[in-house]
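A quick write-up on the structure given underneath.
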Number of protein chains: 2
Amino acid sequence: MSTKALSIKDIAKKANVSITTVSFIINGKGVEKNISTAVIERIEKIIQEDGYKPNQVARSLRMGTSKIIGLIVEDISNPFFAGIARLIEDKAYKKGYKIIYSSTENQPGKTKELIDLFKSRQVDAYIIAPAEGARIEIEKLLLENKPVVLFDRYLPDLNVNYVGIDNFNASYNAVKQFVKDKRKNIALVTVDIDVEQINHRLDGYKQALIDHQMPFSAGLVIKMPFGQTKEETIDRLVQLFKSHPEIDAVLFATNYLAIGGLMALKQMNKMVNERFSVIAYDDGDVFKLHTPQISAVEQPLDEISDNIINLIFQQISAKEQLAPQQIILSGRLIIR
Amino acid sequence: MSTKALSIKDIAKKANVSITTVSFIINGKGVEKNISTAVIERIEKIIQEDGYKPNQVARSLRMGTSKIIGLIVEDISNPFFAGIARLIEDKAYKKGYKIIYSSTENQPGKTKELIDLFKSRQVDAYIIAPAEGARIEIEKLLLENKPVVLFDRYLPDLNVNYVGIDNFNASYNAVKQFVKDKRKNIALVTVDIDVEQINHRLDGYKQALIDHQMPFSAGLVIKMPFGQTKEETIDRLVQLFKSHPEIDAVLFATNYLAIGGLMALKQMNKMVNERFSVIAYDDGDVFKLHTPQISAVEQPLDEISDNIINLIFQQISAKEQLAPQQIILSGRLIIR
DNA sequence: CTGAAAGCGCTTACAG
DNA sequence: CTGAAAGCGCTTACAG
């Protein structure tokens, strides 16, 4: 249906040179290839005037690269991932790369599907927050020497680039803060997916209890099924708070669980106050504006995306295989 | 660096048939092309076992289509756009399409850049929340008969598909609600970008004042510069509330302005209560969890993205040029 | 029923 | 200093 775009042939014909010459000039190799300044200028003018843009698809086919980076996350509308997406987009754009994204919804099969799809589109690099079952697919990418950076969730024993925060310590410090505030019955609300990041949040919680000579009570750890509705989350939490009135502090292992928790409290008319504390993972406006303000573990989005993009471009431009790096940043506990 | 992927040639050689035959089978034209069932099954088995995936880049070059949809918004990390991105992604994926996105930051030149880039990547359709200065570029796309759907912001006098909410009425109803609550001095906090969507929010505000015999006071309408920092927004609003203590209701024309406004109020220790009301555009958890809860104009994300995706696929599959449709949905005023 | 060949728009090794 | 030609991996009109 649409009008035909100009091709390199059209420009070559118009300028009375070969497409080789035009190609060299487009790619800034005019001088290097000893093309006369007069010809270079003449052709650049034509390109400029006619608004010719090289067909990147043809270029991709020929070169085997696409200048596209694939981003695979659990849910692009989650503020954490949306924030990362925005920052990465910006940094990639400055180097001439674009981002294609997809959400896995934590479905095990989806990662494979997405990676295959991205592969067939010749994406140059993969940024992945691995869902459950992603390990084999990522191993395959590594075998093929594709540039890969994981973030948010680490895959233990896999020698791969990773950027994330120290979840163990973040949880540990949150609990430590509760103890300092004389809390006696500290609950952890987390999610039942089996990924390192989430497991470490639990481990840090447990270790902090041990180190402060506090008993660990299984009843105070709630693992929510992944993907349950917000209403189900709220109901479960209302039940928890009712059946365990002794709870005087809650650490929420994710942003959306904290929001569900605050809604449950609101519904019960239970106040967050000197006798009941809350700490949430992933800071946000909602916690700053809450009355009272809610403490949170802030993930440094800017630092995370900087590191991701740097690792990606290091790999893209590397002549040989680089040793993978694991970059662990600190989550900042913001006490309010 | 990476291992070579299988090509259609490899499969053809292995199966001892021509690449034509393999291509027909891949594309489900085996039966139509009278290829024997035996051959079809044999080749499908080989494809399956070897994990062959056709190179989509080559396919794009040959076909002139990419099964990629370009999404251009102001800022992908804005919850409204992130929500739309997620829903669109899902619906597109089910039809075999992927999304490539970019944020314009409302910079006039950026839209052209992005459209050119997307064009050179052969994207099949464009979903655009137009920034200032996007008009000419969109006109060009229309001239080339590319499938285009605008959303969020409309471009008047441009005959193009559009999905959005009735901003005039949403503002009108918000002000009407304030009047019903006996508010006397209703402020509007908006942004200084000159796009229909934002202008209509102002128009609805003005008209509602007129219809309810209330004076319009220019001092009660604040147009914030686009792109100012959150701190600047907060400072400006603190000033506003201090210099106009008579204000007893505020309509915020965007989500982030409302958040800034609530922060300003918090900083001033000024309460939202029976004597001071707030309504925000774009509902969110932050308003539900605020104490007291904040009323909001909810944009129906699901309905918006459904309509966008339907319009896109109607155009993609149309044999001839379709008459553009403007779909105006209702913003729902949620009174809390 | 199946295959050889052209062509999508590029890049680049090679020739002159 | 510049160009003809091969080839990236597909699809499809055409031939038999």
Side-chain angles (χ1 to χ4, degrees), chain A residues 2-43 47 50-68 116-117 119-124, chain B residues 2-43 47 50-68 116-117 119-124:
Chain A
S2 52
T3 327
K4 200 91 161 96
L6 289 175
S7 83
I8 195 169
K9 234 189 248 170
D10 301 316
I11 302 297
K13 192 176 292 172
K14 187 160 180 181
N16 250 316
V17 295
S18 75
I19 60 168
T20 306
T21 305
V22 178
S23 175
F24 285 154
I25 292 171
I26 291 168
N27 294 296
K29 296 185 182 168
V31 178
E32 170 190 335
K33 296 289 182 183
N34 292 317
I35 294 169
S36 68
T37 324
V39 173
I40 293 181
E41 279 171 2
R42 190 161 54 85
I43 290 177
I47 288 174
D50 293 9
Y52 164 67
K53 306 277 170 195
N55 180 325
Q56 295 298 326
V57 173
R59 192 171 196 281
S60 285
L61 179 59
R62 178 56 224 248
M63 308 277 284
T65 65
S66 61
K67 299 238 167 194
I68 293 181
D116 281 346
L117 225 47
K119 234 185 247 176
S120 75
R121 298 247 152 89
Q122 317 261 64
V123 313
D124 293 345
Chain B
S2 53
T3 328
K4 201 87 161 100
L6 289 175
S7 82
I8 195 170
K9 235 189 249 169
D10 300 317
I11 302 297
K13 193 176 293 172
K14 187 160 179 179
N16 250 317
V17 295
S18 74
I19 60 168
T20 308
T21 305
V22 178
S23 174
F24 285 152
I25 292 171
I26 291 167
N27 294 296
K29 295 185 183 169
V31 178
E32 170 190 337
K33 296 290 182 180
N34 291 318
I35 295 169
S36 67
T37 324
V39 172
I40 294 181
E41 280 171 3
R42 189 159 56 86
I43 291 177
I47 289 174
D50 293 9
Y52 165 66
K53 307 279 169 192
N55 180 325
Q56 294 298 326
V57 173
R59 190 169 199 281
S60 285
L61 179 60
R62 178 57 223 252
M63 307 279 283
T65 65
S66 62
K67 300 238 170 193
I68 293 181
D116 281 346
L117 224 45
K119 234 185 246 175
S120 74
R121 297 247 152 87
Q122 316 261 65
V123 313
D124 293 346

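The sequence lines fix the lettering, A, B, ..., with proteins before strands; numbering per chain opens at 1.
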With sequence neighbours left out, what residues match [X] under side chain to side chain donor-acceptor pair (under 3.5 Å)?
X: B:Lys14; answer: B:Asp50
X: A:Lys29; answer: none
X: B:Ser18; answer: B:Thr21

Quiz item: Who pairs with A:Ile26 by side chain to side chain contact (heavy atoms under 4.5 Å, CB included), at least two apart in sequence or on another chain?
Solution: A:Ile8, A:Val22, A:Ile47, A:Tyr52, A:Pro54
Quiz item: Partners of A:Leu117 by side chain to side chain contact (heavy atoms under 4.5 Å, CB included), sequence neighbours excluded?
Solution: B:Tyr93, B:Lys98
Using the salt bridge (Lys or Arg N to Asp or Glu O under 4.0 Å) criterion, which residues pair with [X]? Sequence neighbours excluded.
X: B:Lys9; value: none
X: A:Lys67; value: none
X: A:Lys13; value: none

Just checking [X]: base, sugar-phosphate only, or nothing, at a heavy-atom cut-off of under 4.0 Å?
X: A:Ser23; result: base
X: A:Ile26; result: nothing
X: A:Thr21; result: sugar-phosphate

Quiz item: Looking at A:Arg121 and A:Ser66, what are the two nearest heavy atoms and their distance?
Solution: O-CB, 4.0 Å
Quiz prompt | Taking every non-hydrogen atom, the tightest pair across B:Ile25 and B:Ile40 | solution = CD1-CA, 3.8 Å
Quiz item: When you measure from every atom of DNA chain D, which of residues 53-62 of chain A have a heavy atom less than 4.0 Å away?
Solution: A:Leu61, A:Arg62
Practice problem: Could you check which residues of residues 30-38 of chain B get a heavy atom under 4.0 Å from DNA chain D? Sort them by number, please. | Solution: none
Quiz item: So do the side chains of B:Ile68 and B:Gln56 get within less than 4.5 Å of each other, counting heavy atoms only?
Solution: no
Quiz prompt | Gap separating the CG atom of B:Asn27 from the CD atom of B:Glu32, nearest 0.5 angstrom | solution = 10.0 Å
Quiz item: For DNA chain C, what is the dot-bracket line, given that a base pair needs Watson-Crick (N1 to N3, plus N6-O4 or O6-N4) or G-U wobble (N1-O2 and O6-N3) geometry with both distances under 3.5 Å, and | means paired with another strand?
Solution: |||.||||||||.|||
Self-check item: Under 3.5 Å donor-acceptor, B:Ser60 side chain and B:Thr65 backbone
Solution: yes
Quiz item: Taking the P atom of each, how far is C:dC1 from D:dT12, in whole Å?
Solution: 22 Å
Self-check item: Separation of the C1' atoms in C:dT11 and D:dT2, to the nearest angstrom
Solution: 16 Å
Quiz item: Quick one: on DNA chain C, does B:Thr20 or B:Met63 contact a more 5' nucleotide (nearest heavy atom)?
Solution: B:Thr20
Self-check item: Contact interval (first through last nucleotide) of DNA chain C with protein chain B, 4.0 Å heavy-atom
Solution: C:dC1 to C:dG9
